[in-house]
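Below is one structure; the comments refer to it alone.
Per chain, numbering begins at 1; letters A, B, ... match sequence-line order.
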Amino acid sequence: GMRVEEHDEL
Amino acid sequence: MNVFRLTGDLSHLAAIIILLLKIWKTRSCAGISGKSQILFALVFTTRYLDLLTSFISLYNTSMKVIYIGCSYATVYLIYMKFRATYDGNHDSFRVEFLVVPVGGLAVLINHDFSPLEILWTFSIYLESVAILPQLFMISKTGEAETITTHYLFCLGLYRALYLFNWIWRYYFEGFFDMIAIVAGVVQTVLYCD
C-alpha cells in the first residue's frame, strides 16, 4: 500500500 | 505533476485566500462557519505532519506551509479578531458527529496501521465532509453571500480537478489510491449541491 512518504499530493 | 493537479492546487489556494481576504476586507465573518474552518485547520495539521519527517519538493513544502498558515489565520480572524461578527447561533452543526465516525473509519480502513498514516487517512476522510457545517449554516440562514459562493465554487473545483488528476495518473503512471479517490468523489458530490 501507500506509505505516508509517497503522499506527494496536497 | 500534471495540469489538473497544478490547477487543482491553485484553485484550492484561491479558495483559501478568497475567504481570508473577504473576512479581512469586510472586517466581518458573518455567514462563515467557524466550525468548518476549524475542521479544515485540523485537516491540514493532521495531513501535513510529514513536513517534519520527509521532504518532497520546495513546491510541496511551501504550499503545505501556506495552507496551514492561512487556515489558522482564518480561524484566528473568526474566533479572536472579528469574533463579534461571528454568527455562532447559526453555526450549530455538531462536529463530533463528523470527527468521531471519521476517526473510527480512519483506524479501520487505511493503507498502513501506523500513527502518521492513520492521521493522513483521517485528514482525507475529514476533508471530504468538513464543509458540512458551512452548508448546514447556509441552509439555516437561507442565502449565501456572493463571495462565500465563490469560495465554495473554488473548493469544489479543486476536488473535481483532483479527480481528473487521478484519472490522468492512473492512465499514465499506474498510480491508484483508493482512499483518496473514494473520499474525493464524496467530497466533489457534496460541493455539487
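- Residue contact with chain A, scored on non-hydrogen atoms closer than 4.5 Å, involves the side chain of B/Asn165 exclusively.
- Counting heavy-atom pairs closer than 4.5 Å to chain A, the top-ranked of the candidates B/Lys64, B/Met1, B/Arg5 is B/Arg5.
- Residues B/Val186 and B/Phe176 fall into different hydrophobic clusters, defined by Ile, Leu, Val, Met, Phe, Trp and Tyr side chains chained together at heavy-atom separations under 4.5 Å.
- The environment of B/Tyr171 atom OH is sparse: at most 12 non-hydrogen atoms of other residues, nucleotides or ligands sit within 6.0 angstrom.
- For B/Phe136, the CZ atom is densely surrounded, since the number of other residues' heavy atoms within 6.0 Å is greater than 12.
- A pairwise comparison of heavy atoms in A/Leu10 and B/Asn60 identifies CD2-O, 3.9 Å as the closest pair.
- Using a 4.5 Å cut-off between heavy atoms, B/Tyr59 touches chain A through its side chain atoms alone.
- Interatomic distance, B/Met63 CE to A/Glu9 CD, rounded to the nearest 0.5 Å: 12.5 Å.
- No continuous path of ILVMFWY side-chain contacts below 4.5 Å connects B/Leu152 to B/Met137, so the two sit in separate hydrophobic clusters.
- Only the side chain of B/Tyr48 comes within less than 4.5 Å of a heavy atom in chain A; its backbone stays farther off.
- In terms of hydrophobic clustering, with Ile, Leu, Val, Met, Phe, Trp and Tyr side chains grouped at heavy-atom distances under 4.5 Å, B/Phe122 and B/Ile124 are assigned to a common cluster.
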